[in-house]
Amino acid sequence: MIESKNPYTGELIEKFKELTKSEIDKALDKASNRFKKWRKTSFKERAELMNKAAQELKKNKEEYARDISLEMGKPITQAIAEIEKCAWVCEYYAENAENHLAPKKIKTDASKSYVSYEPIGVVLAVMPWNYPFWQVFRFAAPALMSGNIGVLKHASNVMRSANNIQKVFERAGFPDDCFQNLVLGSSKIEDIIKDKRIKAVTLTGSKPAGAAVASTAGSEIKKSVLELGGSNALVVFKDANIEESIETCVMARFQNTGQSCIAGKRLILHENIVDEFVEGFVKKVRELKSGDPLDEDTFIGTLAREDLAEDLEKQIQDSVKAGAMIVLGGKRDKAYLEPTVLTGVTSEMSMFREETFGPAIGVTTFKTDQEAIELVNLSEFGLGVSIFTENMDFAEKIVPEFEDGAVFVNELVKSDPRLPFGGTKISGYGRELSADGIREFVNKKTVYFK
Ligand SMILES: O=CCCCC(=O)O
């Protein structure tokens, strides 16, 4: 049985029976049969249904958000915002998929030559618990709009949300089996990827999970897209607007109780502004209200599981042993960890080197612009970086110096359906969202007429 437990109360929410081998077989059969019909539907038909999915999300956002909060401790207002963002991505692809996948004419010596973008079949999505709806919709909206079929293996601790996602598509009127949640533990993933009915796989999650999925997919010559962890830097140069950058950096680190791949995890400050910045930053973090995820004024919930809070506590303690100082927080109570700020963090410490998945941040200082760039690029992750400066010419000049998949100037790194999203280095490969995202799982067919 797969269990969903409330990390705030410790209570069991629901138990789910894992699919048997023959039930999985039936689900994959249904998915691949559905593909034969779904690929022939028009963009208009798909868009109508996708817009209905958006309406369903908006209409019942409180219902879906409540289950997210119960299952993984996300504060309810942030869970509602997550559902609204899912509606946005559905509307975005309903409106833009046809254009993104329109055949592209290319002038050659042929009488006519072009690239057509065609669906490939059933795509498996292996998804994490931190944004239980958003991570899935980010995949599902473009997948279904391109004519593909989706099957989901969600994280075990958010199985009710996983079932709810299937319900959204059913309530919107999508044909049966266009999108199915497979109630499964991780041990079954390998066989499913190898199954002939699965044509490709996308994973959002950790490096070990990504490596396992990608190597299985690779061994079967199936495409994969990986969106893995991050250790985004927040770099504040000495000419930055301090007040505004503090606001943004607090949100970058502490929203979703810090459990985001794109959260700002390393605060890298110019030595001239460090005292003023840290004082203002700590003051703002102290004001963040911790509490019951279902209370509307809660901003910091619990972590999704107690072991995750333990892991983060250990990273903090290891860094303290290595010479860092806790200037705020640091204490843990079961799955709750106080919002924590450490200073004196150096590039050898866990708080800098490793991904930290929760409400804690370390401050590192720099003297020169070159040193700041080097500190950012020292990370083996490469999802994104935020830089804070009032000098836009300088910002433009240093953008190419960063190795990450995204550079945001005076803004936190965030996903937007209109912009590609993805990383470099051990943060993964491939892109989600935008035209790039919908073109990941299509056959880019070259057509040539002599
Ligand atoms: O762990 C990744 C979270 C991504 C959140 C987003 O897309 O905004």
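Along the sequence shown, the residues carry numbers beginning at 1. On a predicted model such as this, the values are computed, not experimentally measured, just so you know. Start at 1 and go down the list; that is how both ligands and their atoms are numbered.
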- May I ask you to list the atoms of ligand 1 that are less than 4.0 angstrom from any heavy atom of K85? 8 (O)

- Query: With a 4.0 Å cut-off, would you call E220 and K194 a salt bridge?
  - Reply: no

- Query: Which atoms of ligand 1 sit under 4.0 Å from any heavy atom of Q135?
  - Reply: 1 (O), 2 (C), 3 (C)

- Message: Looking at R66 and E63, is there a salt bridge between them, counting it only when a charged N and a carboxylate O are closer than 4.0 Å?
- Response: no

- Quick one: look up the protein heavy atom nearest atom 7 (O) of ligand 1 and list residue, atom name and how far away it is. S415 OG, 2.6 Å

- Roughly how far apart are F441 CZ and T202 OG1, rounded to 0.5 Å? 4.5 Å

- Message: As an exercise, state the distance from OG of S290 to CZ of F299, rounded to the nearest 0.5 Å.
- Response: 10.0 Å

- Nearest-contact summary for atom 5 (C) of ligand 1 - protein heavy atom, Å: Y131 CE1, 3.7 Å

- among protein heavy atoms, the one nearest atom 1 (O) of ligand 1 is C261 SG, 2.6 Å

- Note on the structure: So the salt bridge (charged side-chain N to carboxylate O under 4.0 Å, His left out) pairs with at least one residue in residues 87-101 (sequence neighbours excluded) are K58-E91

- Message: For the OG atom of S379 and the CG atom of N232, what is their distance to the nearest 0.5 Å?
- Response: 8.5 Å

- Task: For residues 45-83, pull every pair meeting ring pair (Phe, Tyr, Trp, His ring centres under 6.0 Å), keeping only residues two or more places apart or in separate chains.
- Result: Y64-F133

- Message: Is there a polar contact between ligand 1 and N130, counting only N or O atoms under 3.5 Å apart?
- Response: yes

- Which atoms of ligand 1 are found less than 4.0 Å from any heavy atom of R138? 4 (C), 6 (C), 7 (O)

- Under 4.0 Å from a heavy atom of W134: give me the atoms of ligand 1 that qualify, with their elements. 6 (C), 7 (O), 8 (O)

- Note on the structure: Quick look: T204 vs ligand 1, heavy-atom contacts under 4.0 Å, and the answer is neither

